[in-house]
Structures are given as C-alpha cells and as structure tokens.
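To find a chain, count down the sequence lines: A is the first, B the second, and so on, and within it residues start at 1.
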Amino acid sequence: MTHMDILEELKRHPYEYARKYKSERGRPIVGYFCSYTPEELIFAADTLPFRLFGTGEHIRLADTHLQAYCCSLVKGALEDAMTGRLDFLDGVVFPHTCDTIQRLSDIWRLNLPLGFHMDVVLPVKLNALSSRRYMIDVLMEFRRNLENAFRKKITDEALLDSLNTYNRIRLLLQKIHDLKYEYPGVIAGEDLHSIMMASMIMDRSELADVLERIAGDLESRKNTSPSPPGERIVLSGGSCNLLDIYGIVEEAGAAVVGDDFCTGSRYYEGLLTIDMNPVEAIAERYLTRNVCPAKHSGLSTRADNIISVVRERKAGGVVFVLLKFCDPHAFDYPSLKGALDQEGIPSTLIEIEDQSSADGRVKTRLEAFIEMLKRKDRKEGELSGAGK
Amino acid sequence: MKEKDPEKEKRKIKSAARMKEIMTHYYIEAKTADQSGKKVAWITSGGPVEPLIAMEVIPIYPENHGAMIGASKMGKDLCEKAERMGYSSDLCSYACSDIACSPINGGPIGGLPRPDMLICCTNICGTVLKWYEIQARYYGAPLFILDTPFCHTDFPEQAKRYVRRQLDEYMDFLEKVCGRKIDYDKMKEVGKLSIEGQKLWKAVLDTATHRPAPLSAFDAFFHLALIVTLRGTAQVVEYYTLLLKEMNERIDAGIGAVENEQYRLLWDNIPIWYRTKWLSEKFASHGACLVADTYTSAWCGSLEYLNENDFIETMAEGYSRIYLNIGIDKMAEIVISLIDKYDADGIVMHSNRSCKPYSFGQYDIQKIVREKRKIPSLIIDADMVDERFFSESQVETRIDAFMEVIKGTSARE
Ligand code: SF4
Ligand code: SF4
Ligand code: SF4
C-alpha cells in the first residue's frame, strides 16, 4: 500500500480505523467537532483526538431530537452516536461555535452516555484584550478537565512535545498545499482531501511520518507532473464536515489552488510559538489565525483574506461552498461575494445538503462557471493581444 | 355604524392605548434624532441597555423592528428581497427582513434611524453577531460586542470575570463614541429603574396565575415592547404600574382574557407575529387561554442574579444567565416551573425555523415535560416573520386535534 492508499482507506472507513486503533494500542479516543478544539491538549494527554464528521447515513434517531432545519453535519454526528457507531469514544469535546453545535452539545449530554462530555466555551470575539485573558483561562481549565478525566497529569514537557508534533504536521500540510498550488497536476484534489481528513483522525505521530513521505514524493515528481488544467479556483465557505468538493471541482475542469476552509488552510496556518507558555501559545494561534464566521475579529478580515489568497495564487475565481442550514457561513456569503465583485473576481455559489447531494446539479453549475472563466480569459487575452 | 360587541369591549385592555402612545412617541423621537443631536445605538434585545439610557443615547432594537415587520405582514416581501441580496431563506427572518429594509427604507416605519453605534450581546444567539457585523459594515458605524459565554451547566468564575471586564470596555467604548464621560450616579439610578421595571413586568405576568387569567400570552407579546425597548427609564415603571393596576381590577371584576376560560396553556418560543390574532381566537374558540410563555418571561428571568444596589457588578451574571444562554435541561426546568406556577394543562411549542438556539432542543424539552408533568404538548412548525412557512390548514387541524386531547385528559382527571 502506498502512503496515499493508507490515507484513502482511512477516509473511507474512519470508524474502523478507530476501533482497530483502540484495540491494538489501548489508547483512549476523544471525539471532537470544529477546528476551535484545542487538539494539542488532547494529544498531550496521550489520547487520540478524533474529529467527527458524521457519515450522514439513514438519519432516523437524530430526527427525534433535531428539526428538519438542522445542518447535516450535526444531524449526521448525532445519528452516528445514537446508533452506536461511535461506541469507541471515551469522551467528546464541544467547542462553542455556532448555535447548532451549542444545542448539539446539550442534546448529546442529556442523551448519550459516551464517556466524558466537555464544553470548551471559547470567546466569540477574538480581538479584545479581555478575550485573550479569557481564552487562556478556558484553555487552562480544559487542561485540568482532561487531567481529571484521564487521571493523569499533562506535563509541560508532554505539551511541548505535542506542540512540536503539531507544528511538524502543519508545516508539512503547508508544504503539500504549496506544491499543489504551484504544480496543480502534482496531486489530485481528491487526494488532498484524503490528506486533510486523515490529518484530523489518524495517530498524529504516524501521520507526521506519512506526510513527510508524501511531501517528499511530491517534491521529487513536481517537475514531471502532468500539466495542470486551465482554470485556477479558490474555495471558500463552510466545511465543518469537510465535504469532498476538491474532486468535484477538478472533475469539472479546474484546479483547486487555495481555500479558506477551517479544514484546509485555516487548519495548518499559523505555527505555535515554542518559546512561550504552551497554553498561551495555543491561545495566541487561535487569536491570530484567519477567523471562522462564528467568531469575530473585525469587520473585513475574511474578505481581505480571500482577496489576498486569490491574488497570491493567481486564481481566476472563487467557488463558495455552503452547507444547507449553516447560518454563520450563509450570513457571510453576500458580503464576501460583494467584496470579490468589487475587485472584479468572479465567483459562484454551490449549496450542498450533505455529501451525497454533491451531485450532477453541482457539477453542471461548476462546469458553466469554469466555462465562463475560460471565455473571460480568452477575451482578456485577445484584448491584450489587440493592444500590442 | 357597526355596534361594538360589548363582550369584546369588556375584554380589551385599556392601557394599550397609552402603550401605543409611548411607542409612537419613542419612534418619532428616534427618527428625528439627527435634529435633537442625540446619538442612536442599535442594540440586541438581550443587550445591556442601561448604560445607553444613562448616556442619553436612544436605543433602537432591530428585533423589535423584526416583530413589527412580522405583525404588519411585510415579512414575506422583505425576506424575498433579502434572498435577492444573497441571504439564504434558511436564515433568521428578523435579521433578513431588517437587513433588506436598510437600503430601501422599507418596512412599517420606513426604516430604522441610522445608527451611530451598534451594541451586540451574544446572549441570545450567534445570528446577532453576523447581523450586527453586516449592519456595522453597511452603516460604517462602530460595533461593540458583549460576549456572554454560553452557560451549558454553570457560569464559571472566569466567564464572570470576562464579562465584567467587557463591561468596562463597553463603558470606554460609549465614552469614546459619545465624546463624554459616563455619569455613574445616573447609571446607578438607571440600574434601579431597570430592576424596578423588570419586577413590575414580572408582577404583570404573574397576574395570569389567577383563574381566569386577566391577560394572555398574546397580550404579553404586545405589552412586552416597553421592557425590551425602554428598560431603565421611569416611563416603563410608570406604564407597568398602570397596567398592573388594570390587571388587578380585572381580577376583582372577574374579567378573563378569554371568555369562559377552561383550559390553560403555555406557549414556547417567539410569537408567530403575522398570526397572533388568528391563533389567539383559535385557542379561545376552544375555551383555551395561553396563560404564560417562555418568551416574554425572559425579560424578568434573571432578576435573581441582579442587585439593585450593585447593578454594574451584578450585570455580568444577570446578562449571561438568561433563558436562551443556558442548557436545555435548565430550560426544561424553567418550563416545568411555569407549568406549575400557572397550572397549565398543556404546552404549545412553536418550532421556529428562524431561531435555532430557541428551537433545537425543543423535542428534548417536550420529552422531559412529558415525563415529569405528564401533560400533552403540541408542536407548530412555522416562522415568526416569514409567512411562507405557515400553513393555516395544517396548523388548524393540529390545534383542533391537540385540544381534543386536552379536553380528554382534563375530563379524566
Ligand atoms: S467552519 Fe467554523 S464552526 Fe465549522 S468547524 Fe470550522 S471553525 Fe468550526
Ligand atoms: S457552523 Fe454550520 S455546518 Fe458547522 S455545525 Fe454550525 S451550522 Fe453546522
Ligand atoms: S436567531 Fe433567534 S434569538 Fe437570534 S435574532 Fe434571530 S430570532 Fe432572535
């Protein structure tokens, strides 16, 4: 099996991986939602942080707790939990982000005896002095709670080790993405997706090794990689459940060269500062990295960021991906689109109900968008040619 | 001229005229703020309005605007307009309809007065954060966010410290925007009036424990506007004193909100603004009165945490531990205490697709109530402002069926 095969297998059967991992290594597994979960602390407690995406299969039990207007990530995760598919978990961590996750935490706590239950109520606004102090307080409390749950001290050394591992992982993810953006043909978008998914599930030390080898492979074949498809696309929007949109975009004839997903660039951006108090280092990273729409750090930060990503990566346009019933992202869409419009950057919107609905309709829409970008390119080419 | 129905006349709440007067005057003052030189702040319904009152800033509540839009049946058009602006139809219709009003001065009062600042308190939902960001960008006005950490099971010390510190940041923000110092003596006075207003509002709602209830939840929906909008002023105290007096007189005269009240029900969630009259008549036709609700009682629900002699210090907790900022099990406890207090025979829950923090968890609350109090419940699927999500025939059938169950259980007892 190649390294990529390992990761693909993991993406296809994450729960089997978890069960096997647990029985073979005997390590506890901690489920979590959202990239505002301080994974570094969970990992430092010698446990496996395991991100929950929900399989979205046959929603039945979750419907007795959540109305029809709930996003498929939350419903899917609850369904998996209620049907016993997550019985390998030793506990679950709920960071406070959107209103839906907030209520999911309550429903989970009241209905599911799956080990410990921890809420990490981080600040909503990240750009005030008071929030910084509060953020640190909450992280310290989370550390104590983990220590109590596992009856084991999280030493500063263990935490530092964890921070180093995470830095190594993030640097490698950054490197792989950079290679992809410079040589879009070097790795398929779909594979990038498998890498991201595995990064939030797999044993982190082993992951770092696998990523190292993948990055090496890509590096060695970057110059011989097939020439990339014509149009360069940046992805934006909601990806709590890490939809496999990369493959669909590339099938429609474009290359993904950037994103502002929390399961993409926001996951690996920003390294942890090693020569400071480790808990403060985690806080610092959350306070400074690009923000999720469920948090606040200024009125134009997200728009500024997406524009600069498009410029930097020389992308032709942006594809917004919204998960149906996801409020924070849907609220941000019109102003982000407006900001792109002002800059003359074309964009399109695809709304997806769940993974299985990312179907033909979406593909047709993407193809039309990419066709439009091509025409635009040709026209601009002719214009600049005529001017000569 | 048509004869007035004396039965109906008797049941009308006379103070309502005064209330309309106050609200009209308030909106006129707000809309002409540019002439009076007063500053205007937009603030969320659960936001700390007292410092604004103390600074003589005019508070404007976009959510109250949303309710007015709903009540005047302009919700569908405005929500459709928001969709054309790119906002998904799945988003909160208060936010969408208000956002759609801004560029066209639309809605029942021709748009809200332009804000000089926006104050967003996250104690009700995450929607208000997005809504206020959007409006702060649109109007180019400064935004202050009061972040009240969600209390799943408790309100830890560090959260209290955080909110308390932000209150200082809030005062600094106000002083900067207004260009003058806050008068802390005035602030104390406003704090006292705020608590007095909340206590009176509670007393008004409490009169509905009487049989027959002199006012229904539908009346409370209307009279609520003052405690939301002008909390901390003497006017609120004055008005609710008047209203309370009228309620007590009605009790003495045996006047109920519903003719021949036989069944007492509890309402959960935000009203369906464009159908309050229809719903109230529908329930009344079954001899049912909605005697209390989780919505209007939220504006006096955190009194236990507030201290009138130490308002600023206790505000942090008072503003964080409100109905929508607590766990589902705590909400269920409150629902049960309302059932007991008002002796309710059943509960009507509005599953409001606009408001996720209010609606997700309702099924669990329903289950807890069923187990602990064994009373029937009804869920109505709708939206508070956008009429497209209301099916009259469906709701009617369900209410009729529910009332049959209520009549059955009450008869067995
Ligand atoms: S999009 Fe935001 S809320 Fe969703 S997982 Fe990412 S960071 Fe968390
Ligand atoms: S941020 Fe959106 S997709 Fe993520 S859990 Fe919340 S509603 Fe669902
Ligand atoms: S989501 Fe709910 S609490 Fe928030 S503004 Fe809308 S109706 Fe109000």
From [X] atom [atom1] to [Y] atom [atom2], the distance as rounded to the nearest 0.5 Å:
| X | Y | atom1 | atom2 | result |
| --- | --- | --- | --- | --- |
| B:D364 | A:T64 | CG | OG1 | 8.0 Å |
| B:H152 | A:D119 | NE2 | CG | 3.5 Å |
| A:D327 | B:S88 | CG | OG | 8.0 Å |
| B:K130 | A:H296 | NZ | NE2 | 8.5 Å |
| B:R353 | A:F325 | CZ | CZ | 6.0 Å |

Using non-hydrogen atoms and a 4.5 Å limit, figure out which bit of [X] sits close to chain B: side chain, backbone, both or neither.
| X | value |
| --- | --- |
| A:L104 | neither |
| A:I107 | both |
| A:H96 | side chain |
| A:D63 | backbone |

| side chain to side chain donor-acceptor pair (under 3.5 Å) between A:S335 and B:R137: does it pass, once the steps are laid out? | CA-CA 9 Å; A:S335 51; B:R137 276 193 288 262; 3.2 Å; yes
Measure the shortest side-chain to side-chain distance between [X] and [Y] over non-hydrogen atoms and say whether it is less than 4.5 angstrom.
| X | Y | answer |
| --- | --- | --- |
| B:L91 | A:F331 | yes |
| A:P334 | B:M85 | no |
| A:Y69 | B:S354 | no |
| B:D90 | A:E351 | yes |

Taking [X] for the side chain and [Y] for the main chain, is one N or O donor matched with an acceptor at less than 3.5 Å?
| X | Y | result |
| --- | --- | --- |
| A:R103 | B:P357 | yes |
| B:E169 | A:S130 | yes |
| A:D106 | B:I328 | yes |
| A:D99 | B:C125 | no |

Determine whether the aromatic ring centres of B:Y87 and A:Y333 lie less than 6.0 Å apart.
no
Discussion item. Set out, in order, the CA-CA distance, both residues' side-chain angles and the distance that settles salt bridge (Lys or Arg N to Asp or Glu O under 4.0 Å) for A:R302 and B:E133, then state yes or no.
Written reply: CA-CA 12 Å; A:R302 290 198 70 221; B:E133 284 175 351; over 6 Å; no
More than 12 heavy atoms from other groups under 6.0 Å of CZ on A:R133:
no
Which bit of [X] is near chain A, if near means a heavy-atom gap under 4.5 Å: side chain, backbone, both or neither?
| X | value |
| --- | --- |
| B:R161 | side chain |
| B:I145 | both |
| B:L143 | side chain |
| B:A95 | side chain |
| B:I365 | neither |

Answer key: most heavy-atom pairs under 4.5 Å with chain B among A:L110, A:V138, A:T97 is A:L110
Per-residue tally against chain B (heavy atom, under 4.5 Å) across A:C98, A:S105, A:A294 peaks at A:S105
Ranked by heavy-atom pairs below 4.5 Å to chain A, first place among B:D168, B:D381, B:T127, B:T122 goes to B:T127
- Task: Say whether B:S359 and A:Q67, considering side chains only, have a donor N or O and an acceptor N or O under 3.5 Å apart.
- Result: no
Original post:
Centre of B:F144's six-membered ring, under 6.0 Å away, within 45 degrees of the axis: is that where NZ or CZ of A:K125 sits?
Top reply: yes
Verdict with reasoning, B:F360 to A:T100, per side-chain contact (heavy atoms from CB on, under 4.5 Å): CA-CA 7 Å; B:F360 291 159; A:T100 309; 3.7 Å; yes
Please step through side-chain contact (heavy atoms from CB on, under 4.5 Å) for the pair A:R109 and B:D329, ending with a clear verdict.
CA-CA 10 Å; A:R109 178 167 52 81; B:D329 35 348; 2.8 Å; yes
